[in-house]
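In what follows, a single structure is set out as structure tokens and then discussed.
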Amino acid sequence: MSALFDLVMLALLLGMALAVARTRDLLAAAILFSGYSLVMCLLWLHRGAPDVAMTEAAVGAGVTTILFLLAIGRTGRRER
Amino acid sequence: MRRLLTALALAIVGAVMLAGLAGLPRPGDPAAPVHTHVAAHIVAHGVEDTGSRNLVTAVLLAYRAYDTFGEVVVIFAALAAVMVVLAPAAAPPPGKTAPPPSPAPAVAPSPVVGFVIRLLAPFIAAFAALVLWHGEALPGGGFQAGVILGALLVLLSVVMGRGLEQPLVPAAAARWLQAAGPLAFAAAMLIGLAGAGAVLGLPAEPAWGRHAVLLLLELGIGLGGAAIILGLYLQMRGH
């Protein structure tokens with residue numbers, strides 16, 4: 001069960017990382033990266049590191065996403 | 001030809017990394033080098049050395065306090081860099097009057113989003129306070145509380161729409177709050193020199209003294225971190 005959880009989460013991580021690298025839409029990339037951080041947060045929690053999980057959820061999924069969105073708002077949404 | 005070379009280089013780098021990975025000890029192996037070096041000492045003596053029941057906090061704020069001091073300074077420097085890069089565009093040119101207050105955001109956040117954020121805000125704030133206060137006994141601490149509080153402040157300024165023109169706290173006070181982390185470490189260094197004879201040492205004599213120093217550091221890291229996150233958001237949003 002535990003190994004299955006790890007495998008599913010790692011597959012999700014890999015899929016989201018590939019999607020972030022491939023998409024040309026920066027807004028979609030920022031949202032996907034936020035999802036990547038949430039999965040990473042679950043993995044940290046499963047590894048027994050709740051402090052890192054808390055930081056990952058708040059910084060990775062929350063604050064950096066907002067900063068990315070602000071930067072996209074000041075520049076442009078499409079990658080050239 | 002180029003694609004072939006790229007694939008070859010990737011395969012070689014990947015093979016080296018996988019070979020290195022195979023040499024790592026199994027996760028959680030008690031005989032791994034990382035668990036037999038200083039970790040054994042910290043696990044055995046951490047609570048009596050630092051008075052903190054959470055060994056992660058003991059490492060972060062006592063055994064490895066210099067590293068944490070460096071991290072706090074890095075975050076502070078990041079905000080300073082963002083201010084230096086973005087401030088000239090945002091500030092009015094000298095000699096001219098201040099620009100008129102910026103109009104309301106073009107797209108008002110939906111009433112549902114605003115209501116939910118307002119409803120959740122006190123609970124998020126209470127969670128941040130719990131994480132800060134109980135950082136010495138439970139997982140958590142200054143950094144975690146700081147980012148939770150900072151995320152809450154950013155959320156609130158998204159729905160309330162306060163800008164750089166109507167700051168929540170006066171600019172001078174905000175500067176001190178943003179520097180709270182390094183300032184708390186400076187105070188702890190002086191306390192350590194006076195009380196324990198070592199920079200960042202924990203005074204051994206009054207039992208509450210060590211708790212007071214750890215709490216001062218947590219407070220500085222937490223409030224400073226939250227102020228820095230809000231400052232980053234406000235600077236990047238601009239007018």
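Just so it is clear: chains get the letters A, B, ... in the order the sequence lines come, proteins before strands, and each one is counted from 1.
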(request) Could you please spell out the steps behind the side-chain contact (heavy atoms from CB on, under 4.5 Å) verdict for A/S2 and A/H46? (result) CA-CA 9 Å; A/S2 175; A/H46 192 229; 3.1 Å; yes

(request) Start with the C-alpha distance between B/F185 and B/V73, add both sets of side-chain angles, then the distance that settles side-chain contact (heavy atoms from CB on, under 4.5 Å), and finish with yes or no. (result) CA-CA 10 Å; B/F185 266 93; B/V73 172; over 6 Å; no

Distance-only donor-acceptor pairs under 3.5 Å for side chains of residues 74-87 of chain B, two or more places apart:
none

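For the atom pair OG1 (B/T50) and CG (B/L55), the distance works out to 7.5 Å, reported to the nearest 0.5 Å. Distance check: B/L156 CG to B/L120 CG gives 10.5 Å after rounding to the nearest 0.5 Å.
Sorted by first and then second residue, the pairs that involve residues 59-84 of chain B and meet side-chain hydrogen bond (donor to acceptor under 3.5 Å, both in side chains), not counting sequence neighbours, are B/D49-B/Y63.
For residues 56-67 of chain A, heavy-atom neighbours of chain B at less than 4.5 Å comprise A/A58, A/V59, A/V63, A/I66, A/L67, sorted by residue number.
For a residue to count as touching a neighbouring chain, one of its non-hydrogen atoms must lie under 4.5 Å from one of that chain's; by this rule A/A49 does not touch chain B. Only the side chain of B/V154 has a heavy atom closer than 4.5 Å to any heavy atom of chain A.
Listed by chain and number, the residues in a side-chain hydrogen bond (donor to acceptor under 3.5 Å, both in side chains) with A/T55 are B/Q144 (sequence neighbours excluded).
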